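Comments concern the structure below.
Naming: A, B, ... by sequence-line order, numbering from 1 per chain. Computed from heavy atoms alone, side chains included, the values below leave out hydrogens, waters and symmetry copies. Just so it is clear, the structure is predicted and the values come from calculations on it, not from any experiment.
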2 protein chains.
Amino acid sequence: MSAKELDITTEEKIKQAAKAVFQKKGFAATRTRDIAEEADINLALLNYYFRSKEKLFGIIMEESLRDFLQSLTSVIGDENTSLSEKIPLIVDRYIAMLLANRNMPMFILSEIHQNPELLVAKFNIKEIMMKSAFVRQFQQAVAAGEIAEMHVFQFLMNIMGLVIFPFMAAPMLKQIGDLQEEQFIALIMERKKLIPLWINAILKKT
Amino acid sequence: MSAKELDITTEEKIKQAAKAVFQKKGFAATRTRDIAEEADINLALLNYYFRSKEKLFGIIMEESLRDFLQSLTSVIGDENTSLSEKIPLIVDRYIAMLLANRNMPMFILSEIHQNPELLVAKFNIKEIMMKSAFVRQFQQAVAAGEIAEMHVFQFLMNIMGLVIFPFMAAPMLKQIGDLQEEQFIALIMERKKLIPLWINAILKKT
DNA sequence: GTCTATATACGGATAGAC
DNA sequence: GTCTATCCGTATATAGAC
């Protein structure tokens with residue numbers, strides 16, 4: 001147990017446990033008893049600090065979503081890097097975040113899938129994304145004929161799909177390929193180098 | 001209501017309803033009452049025909065998994081098509097299947113994520129995949145220097161990620177891009193044409 | 001096979017002692 | 001703030017009439 005964990009408050013202990021359990025099992029399959037056990041606290045304390053399972057979930061979801069989006073938005077908004085510099089930055093940051101938080105993408109996308117309203121009005125992703133340096137740079141590069149013609153959403157889906165999908169399909173991939181955890185990580189680390197090259201290949205004019 | 005649905009058995013009605021509800025909400029969030037209501041049958045009949053929620057879920061999961069994998073395995077096993085012919089076939093078939101079954105990938109990958117044992121021993125995906133014409137053709141092309149050096153899993157993850165991810169992230173993408181359903185479909189139809197080109201670009205030797 | 005009524009278990013939440 | 005004991009709604013499953 002690290003020093004950080006020794007003098008942690010009960011409230012924080014519950015939040016950390018809730019994050020782990022919610023991200024692993026999702027809202028519906030999680031029992032407040034699971035969280036209490038994981039946090040090693042009495043069940044009643046959960047309601048004492050957070051009132052209800054729903055409220056606790058809301059807090060965890062908001063924090064998770066913030067982390068999930070920040071890996072992207074912190075890069076795409078930067079006016080001081082070029083489009084081609086941004087690509088490996090996005091890939092590196094996302095992969096680092098996903099490696100540290102293995103269940104996050106499945107958690108977020110699965111919960112939003114079942115309840116799209118979770119996303120609405122919490123963050124104004126639409127604004128941040130569509131008015132970002134990244135989108136502007138991309139569209140300028142298309143207009144200037146420097147890269148292939150392509151809708152920016154297609155480009156975004158490509159990056160996200162190439163980076164995130166392996167984490168969501170990890171159990172199936174491990175089964176198909178008979179991969180151990182370390183081999184899976186090795187494939188991911190290889191992707192970290194390759195994805196920017198692939199993205200460039202895709203963007204090349206034909 | 002189509003003719004097909006008119007003379008359907010009660011058992012089949014329950015299965016179709018269960019498929020719809022399970023795929024949309026997942027196992028834990030689904031109540032047997034939801035299924036009974038969707039199927040327009042009495043709740044007790046669900047247990048009469050299928051014994052338990054778990055058993056019914058097992059049947060739906062197995063069928064879904066079969067459909068999900070068949071779109072892939074029916075193409076990759078074909079000895080009479082070349083590697084480059086297989087790529088658009090896989091893309092077309094997967095997208096057609098996903099369009100008809102919008103919630104399937106999230107359902108399957110999410111449930112397997114929570115419970116990887118669901119996959120084990122049901123189908124021998126490992127054998128079918130690894131001994132397929134597709135894998136052999138890919139590895140031969142690499143060995144012959146016709147395409148860039150790449151682990152076949154990386155290649156598989158790329159295809160799957162490019163095709164499947166947009167369906168899993170659909171609610172988020174619609175939000176970010178302020179897309180209506182028809183615009184989302186249009187993006188997908190465009191991808192159907194583009195993904196094989198992108199795959200070829202990725203495979204090109206540098 | 002299909003219904004109503006109900007048994008039973010489980011999970012979220014709280015009362016009240018300390 | 002933390003605990004024990006418990007309430008109460010809800011969900012699965014079944015008994016038994018038709």
- Message: I need a per-nucleotide contact map over nucleotides 13-18 of chain D, read 5' to 3'. Cutoff is protein heavy atoms under 4.0 Å; write B for the base, S for backbone only, - otherwise.
- Response: BB----
- Task: Write down the distance between OH (A:Tyr49) and P (C:dA13), rounded to a whole number of angstrom.
- Result: 18 Å
- Only pairs at least two apart or in different chains count here, so list each salt bridge (charged side-chain N to carboxylate O under 4.0 Å, His left out) that has a residue in residues 163-175 of chain B. B:Lys174-B:Glu181
- Message: A:Lys19: which residues meet the side chain to side chain contact (heavy atoms under 4.5 Å, CB included) condition with it, sequence neighbours left out?
- Response: A:Gln23, A:Ile60, A:Asp67, A:Asn101
- Query: When all nucleic acid strands are considered with a 4.0 Å heavy-atom cut-off, which category describes B:Thr9: base, sugar-phosphate, or nothing?
  - Reply: nothing
- Message: List the residues meeting side chain to side chain contact (heavy atoms under 4.5 Å, CB included) with A:Asp92, not counting sequence neighbours, and say none if there are none.
- Response: A:Lys192
- Query: To the nearest angstrom, how far is B:Phe50 atom CZ from C:dT2 atom C1'?
  - Reply: 15 Å
- Message: Enumerate the ring-ring contact (aromatic ring centres under 6.0 Å, His included) contacts for residues 108-141 of chain A, please, sequence neighbours excluded, ordered by first and then second residue.
- Response: A:Phe134-A:Phe155, A:Phe138-A:Phe155
- Message: A cation-pi test, strictly: NZ or CZ of B:Lys15 under 6.0 Å from the centre of the six-membered ring of B:Phe50 and no more than 45 degrees from its axis. Yes or no?
- Response: no
- Message: From CG of A:Asn42 over to P of C:dT14, roughly how many Å is that when rounded to an integer?
- Response: 15 Å
- Item | Length of the line joining B:Glu12:CD and C:dG1:C1', which is rounded to integer Å | 17 Å
- Note on the structure: To the nearest angstrom, the CD1-C1' distance between A:Ile41 and D:dT4 comes to 14 Å
- Name all residues meeting the salt bridge (charged side-chain N to carboxylate O under 4.0 Å, His left out) criterion together with A:Asp178; count only those two or more places apart in sequence or in a different chain, and write none if there are none. B:Lys126
- Query: For the pair made of CZ in B:Arg31 and C1' in C:dA9, what is the distance, rounded to whole Å?
  - Reply: 17 Å
- Would you kindly give the CZ-to-P distance between A:Phe27 and C:dG11, to the nearest whole Å? 14 Å
- Does B:Thr10 place a side-chain N or O at less than 4.0 Å from the phosphate oxygens OP1/OP2 of C:dT2? yes
